[in-house]
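Below: one structure, written as structure tokens.
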Amino acid sequence: MVNDRDLHQEKDVDVQQLDFKMLEKLKFYLKGLIKHGGSDLHIKSGSIFRGRINGEMVPLSNEILSHEDGIQLAKEVLRGRFAELVDQKSVDFNFKLNEEYRFRGNMFFQTEGVSAVFRVIPVKIPSIDELKLPPSISKLIDLKRGLVLVTGPTGSGKSTTLASIIDEVNRTSRKHIITIEDPIEFVYQDKKSLINQRAIGQDALDFSTALRAALREDPDIILVGEMRDMETIETAMHAAETGHLVLSTLHTVDAKDTINRIIGMFPGNEQNKIRMSLAATIQGVLSQRLVKTKDGKRAAAIEILFRNARIESLIADGRDSEITDAIAEGKDIYGMQTFDQALLDLYSRGVIDEDEALVNASNRGDLKMQIDNFNHKHQVEERLEDSMIDLKVEEKV
């Protein structure tokens with residue numbers, strides 16, 4: 001159990017008194033996590049070290065972290081910010097392992113002492129092609145204004161997708177880009193663009209204040225790490241309406257839910273105005289889910305909504321229930337796709353098996369029918385191909 005009185009007495013850390021043995025142990029486990037292709041290291045006082053590898057929690061050793069070692073680790077990692085952990089009970093931070101890997105960290109207290117989670121952030125930003133994202137996503141690179149949202153649960157790769165888009169703009173266009181994050185994850189180097197990165201707490205008070213300030217800083221593109229509250233959403237939409245491209249994230253499951261979540265955050269008497277504004281400013285919604293591949297890794301299944309006249313009309317008229325059908329029907333012309341279309345594509349390319357596709361489906365029955373049709377068509381094509389081969393053999397004889 002955490003003793004608040006003792007912690008407050010020792011919250012001012014003297015760095016000269018630290019031997020950093022726990023820090024070296026942390027680095028050992030972080031390197032092991034990377035070696036096994038993991039995404040998160042989980043540390044808990046009173047328990048063993050665990051890593052999230054291919055989406056599952058895996059023990060990394062039988063070593064149990066003691067209460068005292070947990071406190072010592074917190075001091076060695078946070079140093080001058082240890083007092084913030086004691087006062088606030090949790091703290092976000094960045095941790096650099098080496099020139100190739102950084103981590104987004106969160107340290108917090110629980111009943112047994114200190115716990116922490118370290119999320120891997122590669123220094124090299126992967127490209128859209130390297131992430132194997134749908135090619136239609138590249139059209140977001142050329143947008144001049146509007147609102148683009150990347151949504152999905154925690155750990156679904158939202159930040160990485162946004163980083164790949166920002167880095168492609170940085171590589172190909174002369175823009176001024178401002179990022180507002182908590183904390184900063186990917187670090188960009190200026191290429192053709194000028195990029196200013198602001199961390200909440202360190203460089204700005206909060207998202208909404210930093211976003212309002214950004215409008216006076218001559219940006220072309222503003223990346224908001226997360227739209228957490230009504231004020232931030234309203235300011236972001238205002239920025240999009242006034243000629244800026246705003247990119248951000250939400251914890252929503254699909255495009256339809258994203259529209260409903262944004263509108264639902266406002267009082268009833270304001271929702272019609274927000275709906276009209278959103279219909280006019282939304283340019284794209286990418287909703288991600290990570291699915292298990294046949295080789296034991298993970299791939300992103302992405303629902304893609306792009307704004308067109310029909311989508312704008314459906315949002316403005318409150319016909320949100322028709323959005324998914326509009327996305328499905330816009331696949332060939334606009335490059336949109338539903339989750340189930342994304343899953344079918346992954347299945348047809350042999351990336352995932354049928355069970356994985358169906359367990360992640362939005363409409364299991366419909367996807368099962370589409371998979372059966374694909375399998376039947378594939379079998380017919382194989383039989384036809386075999387017949388052609390036999391015919392050619394007979395002709396030669």
Side-chain angles (χ1 to χ4, degrees), residues 37-39 52-58 126-140 149-158 160-161 164-165 251-258 284-306 311 321-389:
S39 61
R52 186 175 294 279
I53 300 174
N54 294 328
E56 297 184 355
M57 296 289 284
V58 178
S127 68
I128 291 174
D129 289 340
E130 288 171 336
L131 290 175
K132 298 180 180 179
L133 300 177
S136 62
I137 288 178
S138 296
K139 69 170 61 178
L140 300 175
L149 300 173
V150 181
T151 80
T154 300
S156 60
K158 299 186 296 295
T160 306
T161 295
S164 70
I165 294 171
H251 293 283
T252 49
V253 298
D254 57 24
K256 181 179 67 176
D257 183 46
T258 300
V285 180
L286 311 179
S287 300
Q288 302 190 180
R289 300 175 191 170
L290 292 183
V291 295
K292 293 181 181 178
T293 60
K294 287 183 176 180
D295 60 2
K297 298 180 180 179
R298 292 192 293 175
I302 305 180
E303 180 173 276
I304 304 173
L305 174 148
F306 292 130
I311 293 293
S321 61
E322 299 176 43
I323 289 176
T324 302
D325 288 341
I327 293 172
E329 293 163 15
K331 181 176 175 62
D332 294 332
I333 299 175
Y334 299 104
M336 296 192 281
Q337 64 181 25
T338 65
F339 268 123
D340 288 356
Q341 286 174 326
L343 291 168
L344 180 63
D345 178 64
L346 290 172
Y347 172 78
S348 64
R349 291 191 285 115
V351 178
I352 62 176
D353 60 27
E354 181 174 338
D355 289 342
E356 185 66 11
L358 294 177
V359 78
N360 286 282
S362 297
N363 189 320
R364 184 186 178 99
D366 283 353
L367 183 58
K368 172 62 175 171
M369 187 181 302
Q370 293 177 53
I371 288 176
D372 288 345
N373 288 339
F374 169 81
N375 289 339
H376 176 70
K377 181 180 177 182
H378 185 62
Q379 289 168 1
V380 170
E381 289 174 348
E382 283 186 334
R383 287 197 293 268
L384 181 60
E385 184 177 340
D386 290 341
S387 299
M388 294 298 292
I389 292 173

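Side chains are part of it too, since the values below use all heavy atoms of this structure and drop only hydrogens, waters and symmetry mates. Computed from a prediction, not measured in an experiment: that's the story for all the values here.
In this structure, Met336 and Lys331 have side chains that are not in contact, with every pair of non-hydrogen atoms separated by 4.5 Å or more. Between Asn54 and Lys292 the shortest side-chain heavy-atom distance does not fall below 4.5 Å. When side chains are defined from C-beta on, Ser39 counts as touching Arg298, because their heavy atoms get closer than 4.5 Å. For the pair Ser348 and Lys377, the minimum side-chain heavy-atom distance is 4.5 Å or more. Counting heavy atoms from C-beta outward, Glu356 and Lys294 have side chains that stay 4.5 Å or more apart. Considering only heavy atoms from C-beta on, Asn375 comes within 4.5 Å of Tyr347 through its side chain.
A distance-only check finds no donor-acceptor pair linking the side chain of Thr252 to the backbone of Asp257 [under 3.5 Å]. Although no hydrogens or angles enter the test, the distance criterion places no donor-acceptor pair under 3.5 Å between the side chain of Asp340 and the main chain of Ala361. A donor-acceptor pair under 3.5 Å is absent between the side-chain atoms of Lys256 and the main chain of Thr324, judged by distance alone. Side chain of Gln337 to main chain of Ala342: no donor-acceptor pair is present (N/O by atom type, distance under 3.5 Å, no hydrogens or angles).
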Kindly determine whether Lys368 and Asp372 satisfy side-chain contact (heavy atoms from CB on, under 4.5 Å), including the steps that lead there. CA-CA 6 Å; Lys368 172 62 175 171; Asp372 288 345; 3.4 Å; yes

Under the side chain to side chain donor-acceptor pair (under 3.5 Å) rule, what do Thr293 and Asp295 come out as? Steps first, then yes or no, please. CA-CA 5 Å; Thr293 60; Asp295 60 2; 2.3 Å; yes

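Rounded to the nearest 0.5 Å, atoms CD1 (Ile323) and CG (Leu305) are 6.5 Å apart. In this structure, CZ on Arg364 lies 9.0 Å from CD1 on Ile371, to the nearest 0.5 angstrom. If you take OG1 on Thr161 and CG on Leu140, they are separated by 10.5 Å, rounding to the nearest 0.5 Å. We find the CZ-CD distance between Phe374 and Glu354 to be 11.0 Å, quoted to the nearest 0.5 Å. Between the CG atom in Leu346 and the CD1 atom in Ile352 there is a gap of 5.0 Å [rounded to 0.5 Å].
Counting non-hydrogen atoms of neighbouring residues, nucleotides and ligands closer than 6.0 angstrom, the CE atom of Met369 reaches no more than 12 such neighbours.
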